There are 2 protein chains.
Amino acid sequence: MKSTIKENIEEKLKQELTIEEYEKFTLLLEPLTIQKKQQLVTEDRVCKYLYFVEEGVLHSFLTDDNGENHTIQFGFEGHWISDLYSFVSNTTATFNIEALEETTILAISKSNFEKALNDIPKFERFFRILIQNAYIQSQHRIAKNYSDDAEHRYLALIKQQPDLLQRVPQYLVASYLGIKPQSLSRIRQNLSKK
Amino acid sequence: MKSTIKENIEEKLKQELTIEEYEKFTLLLEPLTIQKKQQLVTEDRVCKYLYFVEEGVLHSFLTDDNGENHTIQFGFEGHWISDLYSFVSNTTATFNIEALEETTILAISKSNFEKALNDIPKFERFFRILIQNAYIQSQHRIAKNYSDDAEHRYLALIKQQPDLLQRVPQYLVASYLGIKPQSLSRIRQNLSKK
DNA sequence: TTACTTTATTCACATAGGTGAACGAAAGCC
DNA sequence: GGCTTTCGTTCACCTATGTGAATAAAGTAA
């Protein structure tokens, strides 16, 4: 189940890292473990790290003016997660990031991130590809939100990630789909009748 | 009104390009002009370029299973636009890109793009920052779509881009907001009563 | 100018998803 | 083991937005 950062980088670069590159990079990472319900990032504080999930799950969410939470992203093994705007611009975060189970993480601080970009040429490319993939996904998510109703989005989601409901509570899946838990219940009820 | 690519790059890099860098880069670009309603990218064909808008406006949109169009993005002067997934993976595009008025563009092909990444070190960084900003924006757009209703999204949009309705027809603004033209009409009517 | 097409408005009615409450089941805790 | 909190379901009712049609206004072409 554990995901290694070396494989993650090599897979995106479609190229192996040399031992020196990997060791140089490893020195810049800070391992940490957080418990279920602990927050890694809290809105109104600056998000000072990028996080790579080795094992476990996190979610990033936004608390709106009515105090409701909206899950923007899940971070499973092998994902990178952060409040990127807060990280790059040193402003207070708009998202919270919280563990959904005990999670082991590798964190890279902004100064170490910049060191990596400058000292390890491949790293700038790696990070470009990482963000590029994330951006493509988010464009498609916006597109699907426009063209599909909640039932279709739910079906597409569990098709793409069949174990999702085993790993995270249903009300967070509803939130990620942009609907209320009751509505997801209703949708599942309708589907089971078909 | 015209936007220059040199300024666009330097602004993102927060650093000036040398004359050599700029000239090397310029050689990789293909200028073109397209007329209103012409398509730059068509779904089901591969998108072979990244496009920088010098002057004019484009929009990218998706045609759904009911034949309805959903505007995903507007590309004004100074914006880059493409079907990035199609471009990077050489698969057929899911989005269309069409001019909303006569538009002048600089296009960079995939092979030239790769040449730029490899030959001009700053370019990899520039492109990383470009995508990073786009990704941050799209994350915030997803978040706002979850927490705000159409009226709030409309108000936020015209506040952020007050000339939008002068440049593009209202039904495209509605589409971008994820609602029907009639609904935007109704929202505007309610607002004018307040 | 006239004619034709595209865009915006308004209305009556339909529907997906939201709301708040009640209830039971499951999970964590002492 | 029982107690308490969290989670999922169901229901009756509500609301924002969609639908389809009619009409007007604006834009374009001849």
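From a predicted model like this one, the values you see are computed outputs, not experimental measurements. In what follows, chains are A, B, ... by sequence order, proteins preceding strands, each numbered from 1.
Under 3.5 Å, the side chains of B:Arg125 and A:Asn118 contain a donor-acceptor pair of N or O atoms. For the residue pair B:Glu43 / B:Thr63, a side-chain donor-acceptor distance below 3.5 Å is found, with atom types taken as modelled. B:Ser185 and B:Gln182 share no side-chain donor-acceptor pair at under 3.5 Å. Side chains of A:Thr42 and A:Gln39: a donor-acceptor N/O pair is present below 3.5 angstrom, by distance only.
An angle of 50°, rounded to 10°, separates the two end axes of the helix from C:dT1-D:dA30 to C:dC30-D:dG1, each defined over five pairs.
Rounded to whole angstrom, the span from the NZ atom of B:Lys180 across to the C1' atom of D:dT17 amounts to 10 Å. Between B:Glu151 atom CD and D:dT17 atom P there is a gap of 8 Å when expressed in whole angstrom units. A straight line from CG of B:Asn190 to C1' of D:dT15 spans 13 Å, rounded to a whole angstrom. Between the CD atom of B:Glu68 and the C1' atom of D:dT19 there is a distance of 10 Å, given to the nearest Å.
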TODO: Encode nucleotides 4-11 of chain D as B, S and - characters from 5' to 3', where the letter depends on protein heavy atoms closer than 4.0 Å: B to the base, S only to sugar-phosphate, - to neither.
DONE: ---SSBB-

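Both tests hold for B:Arg141 against B:Tyr176: distance to the six-membered ring centre under 6.0 Å, angle to the ring axis within 45°. Cation-pi geometry between A:Lys12 and A:Phe126 is not met: the NZ or CZ atom fails to fall both under 6.0 Å from the ring centre and inside 45° of the normal.
Comparing B:Gly178 and B:Lys36 along DNA chain D, the residue whose closest nucleotide (by nearest heavy atom) sits nearer the 5' end is B:Gly178.
Under 4.0 Å is where a charged nitrogen must lie from a carboxylate oxygen, and between B:Lys122 and B:Glu21 at least one such pair does. The residues B:Glu20 and B:Lys24 are annotated as not salt-bridged, no charged nitrogen and carboxylate oxygen being separated by less than 4.0 angstrom. The existence of a salt bridge linking B:Arg167 and B:Glu77 is confirmed by a sub-4.0 Å separation between a basic side-chain nitrogen and an acidic carboxylate oxygen. B:Glu124 and A:Arg128 are joined by a salt bridge, as a carboxylate oxygen and a charged side-chain nitrogen come within less than 4.0 angstrom of each other.
For the side chain to side chain contact (heavy atoms under 4.5 Å, CB included) criterion with B:Thr103, the lone passing option out of B:Thr33, B:Leu58, B:Leu40 is B:Leu58.
Mapping heavy-atom proximity under 4.0 Å, the span of DNA chain C touched by chain B runs 5' to 3' from C:dT7 to C:dT10.
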